[in-house]
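Naming convention: chains lettered A, B, ... in sequence-line order (proteins, then strands); numbering from 1 in each chain.
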Protein chains: 2
Amino acid sequence: MAGTAEKLNVRDRLLETAARLFYEKGYGATGINEVIKQAGICKASFYHHFKTKEDLLVVSLEQRHERMMAELRAVVAQGRTPAEKLGRVFEWLGSSCSCGSSANGCAYLNMVSEFRDAGSRVRELVRWHKGVFRTFLSELVGAHFRGSGKGDDEIQDITDEIYLLSEAVFAASPVHRCNWPAETAWRIVAGRLGIEG
Amino acid sequence: MAGTAEKLNVRDRLLETAARLFYEKGYGATGINEVIKQAGICKASFYHHFKTKEDLLVVSLEQRHERMMAELRAVVAQGRTPAEKLGRVFEWLGSSCSCGSSANGCAYLNMVSEFRDAGSRVRELVRWHKGVFRTFLSELVGAHFRGSGKGDDEIQDITDEIYLLSEAVFAASPVHRCNWPAETAWRIVAGRLGIEG
DNA sequence: TGTATATCAGACCGGTCTGTCTGGCAACCG
DNA sequence: CGGTTGCCAGACAGACCGGTCTGATATACA
């Protein structure tokens, strides 16, 4: 029952299984024993690779971040203009938030619910991740308005708005389990980019 | 150490304590033993009033809903026009999401993270709550556009957008712990209402 | 007065949790 | 060959969990 993680080494099998279970069931609701069982790993081997359960979570979230950014780069590569690239991003947000087993919204926002201490390692990681994502958006927005005569402040404001709308998609999708949040968010974004329709 | 719940009867003390702890620490992270200890109630009395811990949560969420709607009605009563009322709502969203001990965002969205089964009682309650809140917004939006010649479909779309932005405030506030989400959201909303500035 | 109800106090049950420990097997490397 | 390393197997410790139970006390009401 090791599932998709057949050929990976022990550490990667643990990370793959943990990422899946922590996302689908939540961190607190997933026991270490379940992770190691589904990964087909014995307990001592787990504690050989990771000091604690939380360490496993942190590493798996870091890995998830890299994977997500890679996916995003691939997604925007399919768009020609910055506006089209942003459109692809919101399309991707919607599909990655309301489809199949991934209908649990944003893995990082979920962690904010589980780790209430704002100074915790996990919260810090979430803020870092969101910062990187916001920078990613800001570059697209900046490129879109390059040479438009818009001031930096206004572009900054629009970036904030678009970032906020991405969070809205993440938050609303798991509640409603359809992709009107992504479509509605994109409608607003398109308006702010001046590409009505 | 019963705190603010001095004069209440047993059931209400339990509900008051549970609402506070479940919100500040999360449902899973709060043990029944801690609730009853802080409420100054013995265990048998708790199980006399509530069948299970989850029952306590459900009733406390229902109570929270009534309290929130009452607060919202009071808040909008201070605005003269529908647009001003909506402005007060977003102001209230920001302050109730990023201030003091309540900097944990939306109690209901947090429950979505903790209850992954979309068919669970708690999830159902969350959807009901969000539906009522959306209706509340839709009445204000409808009043704002009354007689403006805007079609019902367009008003519906704008309502969706504003509701989505309220979710964005709830989701983003606990991550960033300041109220730019509320301000940014309101900037977009004001634009959609046609009251730029 | 007798009975039902609400509450207190806290032991107790069966289960789950993270993390540690012992012990053994196999591969690689000096 | 001997030692280290990675991994397996699973018992175990210690804490905490939700929930049940016994038994005592106080109050209200028939």
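- For A:Val10, the side-chain atoms get nearest to D:dC7 when compared with the rest of D:dC7, C:dA9, C:dT18.
- Whole-Å rounding puts the B:Phe50 CZ to C:dT7 P distance at 11 Å.
- Of the candidate nucleotides D:dG19, C:dC8, D:dG10, D:dG10 has the atom nearest to the side chain of A:Ala44.
- A donor and an acceptor atom never sit less than 3.5 Å apart when one is taken from the side chain of B:Lys43 and the other from the base of C:dG10.
- Within the 4.5 Å cutoff, side-chain heavy atoms of B:Gln38 are placed close to those of B:Leu21.
- Put simply, CG on B:Asn33 is 16 Å from P on C:dC12, counting in whole angstrom units.
- When the P atom of C:dT16 is taken as reference, atom NZ of A:Lys37 falls 10 Å away, rounded to whole Å.
- Using a 4.5 Å heavy-atom threshold, the side chains of B:Glu34 and B:Lys25 count as touching.
- Side-chain contact of A:Asn110 with B:Ser113: a donor-acceptor pair under 3.5 Å is present, judged by distance alone.
- Taking atom CD on A:Glu34 and atom C1' on C:dT18, their separation rounds to 14 Å, with Å as the unit.
- For A:Tyr47, the listed nucleotide lying nearest its side chain is C:dT18; candidates were D:dC21, D:dG18, C:dT18.
- Atom CG of A:Asn9 and atom P of D:dT5 are 18 Å apart (whole Å).
- Regarding B:Phe46, its CZ atom lies at a distance of 7 Å from the P atom of D:dG19, rounded to whole Å.
- Rounded to an integer number of Å, the gap from A:His49 NE2 to C:dT18 P is 19 Å.
- Comparing D:dG19, D:dG10, C:dG19 by their nearest atom to the side chain of B:Lys53 picks out D:dG19.
- In this structure, NE2 of B:His48 is placed 16 Å from C1' of D:dT20, rounded to the nearest angstrom.
- A salt bridge does not link A:Glu71 with A:Arg67: none of the charged nitrogens is closer than 4.0 Å to a carboxylate oxygen.
- A:Val122 has its side chain out of reach of A:Tyr108: every pair of non-hydrogen atoms, C-beta onward, lies at least 4.5 Å apart.
- Applying the 4.0 Å criterion to OP1 and OP2 of D:dG6, one finds that A:Ser45 has every side-chain N and O outside that range.
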